[in-house]
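Ligands are counted one by one from 1 in listed order, and the atoms in each one are counted from 1 as well. Positions are given from 1 along the sequence.
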Amino acid sequence: VIRLWRAPLALLHRLEPEQAHRLTLKALALGVHPMRRPVDDPALRCRLLGRDLTNPLGLAAGFDKDAEVPDAMLAYGFGFVEVGSVTPLPQAGNPRPRVFRLTEDQAVINRLGFNSRGHAAAAARLTARAARPGMVGVNLGANAASPDRVADYVAGLRALGPLAAYVAINISSPNTPGLRALQGKDELDGLLRRLMAARGEAGLRQPIVLKVSPDLQPDEVEAIATLALAHGVAGLIVGNTTLGCRDGLNSRWRGESGGLSGLPLFAPSTALLGEFYRRTRGRLTLIGCGGVASGADAYAKIRAGASAVQLYTALIYHGPSLVGAIKRELAQLLKADGFASVADAVGANWRS
Ligand SMILES: Cc1cc2nc3c(=O)[nH]c(=O)nc-3n(C[C@H](O)[C@H](O)[C@H](O)COP(=O)(O)O)c2cc1C
């Protein structure tokens with residue numbers, strides 16, 4: 001933790017996690033952020049899903065579910081920000097408490113269950129910032145009570161796609177019963193068929209990426225990669241929170257149900273990312289997400305095959321100065337290994 005953030009973080013950590021989060025969003029919305037984006041090392045320049053970025057570090061979905069503060073987070077130095085998950089209708093999510101800080105494990109367990117203010121609210125906010133610079137992707141979810149979840153994603157694509165740099169289809173939240181079944185071969189085929197048809201009808205050019213679970217089996221990896229390529233999906237975010245990784249946790253909250261994020265997720269999510277890269281070799285853009293807390297972590301995901309990385313949980317423990325620290329270390333690591341750019345290092349593990 002860089003000194004300046006020690007006191008505010010200690011205070012926030014005395015609050016119930018969701019209260020701390022709400023307070024953080026309020027402060028950000030009120031202008032507690034740098035006035036100007038920091039200047040990035042040229043070695044960090046990269047291209048992601050058709051856009052030029054000054055760095056490959058993104059904010060993962062879930063921090064800014066309702067698109068309240070994307071520009072504040074860009075000002076802290078993220079190369080791109082993903083808002084959401086947004087559901088069509090507003091919904092409250094699961095009963096509280098539903099977010100737990102596992103401080104000893106540098107992890108979080110959440111079972112929020114898509115608390116969302118809905119498409120219309122997010123569309124209004126994204127419309128209000130549409131002229132601003134910065135890459136903002138939109139992550140789509142489905143309402144818990146929806147009779148047709150695929151229709152929810154299609155509605156999200158139509159409502160929010162035009163306002164997004166890319167659209168992420170979240171079919172991997174463990175907190176909406178049955179949602180992850182959409183990763184199965186037949187269901188995914190049907191989902192992608194309808195999504196791509198809607199994208200064509202609406203004349204949308206925004207790339208679509210799938211956000212997958214870190215708990216996939218090898219046959220599922222193969223099926224998802226094959227279907228994504230067949231349907232013209234641009235990329236994958238690997239991945240969401242895990243239902244596994246409970247062994248070895250020390251925190252008193254380790255038995256809570258929900259998705260686990262943070263440090264324990266780093267190794268398995270990076271291994272899965274590598275699996276996807278090995279099978280697709282650059283034909284799908286991969287975004288590595290899970291347990292990134294340092295420049296070395298980001299670099300490891302890039303070497304495993306990620307064109308960009310995202311984080312959320314480490315921000316809770318280290319505060320926003322982590323963004324600059326990760327970027328500085330990543331630039332050093334790239335140069336130390338003789339890479340002139342991020343792109344040169346993508347998938348390097350599989351070449352040597
Ligand atoms: C409190 C919390 C809420 C989250 N909400 C969402 C969400 O709405 N949609 C989504 O796709 N992922 C969500 N995630 C998952 C993160 O985007 C990310 O995939 C996961 O936490 C792994 O990254 P990390 O270890 O850097 O946190 C959430 C994670 C946390 C901790």
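At under 3.5 Å, not a single nitrogen or oxygen of Leu112, backbone or side chain, sits near a nitrogen or oxygen of ligand 1. The distance criterion of under 3.5 Å between nitrogen or oxygen atoms is not met by Thr241 with respect to ligand 1. Annotation: Ser85 places an N or O atom under 3.5 Å from an N or O atom of ligand 1; distance criterion only. Considering backbone and side-chain atoms together, Cys289 places no N or O closer than 3.5 Å to any N or O of ligand 1. At least one N or O atom of Gly239 sits closer than 3.5 Å to an N or O atom of ligand 1. Residue Ala61 places at least one N or O, backbone or side chain, under 3.5 Å from an N or O of ligand 1. Not one N or O of Glu82 is nearer than 3.5 Å to an N or O of ligand 1, by distance alone. Between Asn170 and ligand 1, a contact under 3.5 Å exists for at least one N or O pair.
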Exercise. Determine, stepwise, if the pair Asp215 / Arg180 fulfils salt bridge (Lys or Arg N to Asp or Glu O under 4.0 Å).
Key: CA-CA 10 Å; Asp215 304 333; Arg180 297 190 307 167; 3.4 Å; yes
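Note on Glu201 versus Arg158: salt bridge recorded, some NZ/NE/NH1/NH2 to OD/OE distance being below 4.0 Å. Note on Lys335 versus Asp41: salt bridge recorded, some NZ/NE/NH1/NH2 to OD/OE distance being below 4.0 Å.
When each atom of ligand 1 is checked for a heavy atom of Gly262 under 4.0 Å away, the hits are 25 (O). Distances below 4.0 Å separate heavy atoms of Gly291 from the following atoms of ligand 1: 24 (P), 25 (O), 26 (O). If you number the atoms of ligand 1 from 1 as listed, the ones under 4.0 Å from a heavy atom of Asn139 come out as 10 (C), 11 (O). Interface of Leu311 with ligand 1, defined as ligand atoms under 4.0 Å from a residue heavy atom, comprises 26 (O).
At most 12 heavy atoms of other shown residues, nucleotides or ligands fall within 6.0 angstrom of atom CZ in Arg252. Within a 6.0 Å sphere centred on CG of Asp52, heavy atoms belonging to other residues, nucleotides or ligands number more than 12.
The aromatic rings of Tyr312 and His21 lie tilted to each other, with the angle between the two planes from 30° to 60°.
Contact analysis puts Gly290 in contact with ligand 1, with a non-hydrogen atom separation below 4.0 angstrom.
Ser173 and Asn170 share no side-chain donor-acceptor pair at under 3.5 Å. With 3.5 Å as the limit, one finds a donor-acceptor pair spanning the side chains of Arg303 and Asn349.
The OG atom of Ser341 sits 8.0 Å away from atom CG of Leu334, with the distance rounded to the nearest 0.5 Å.
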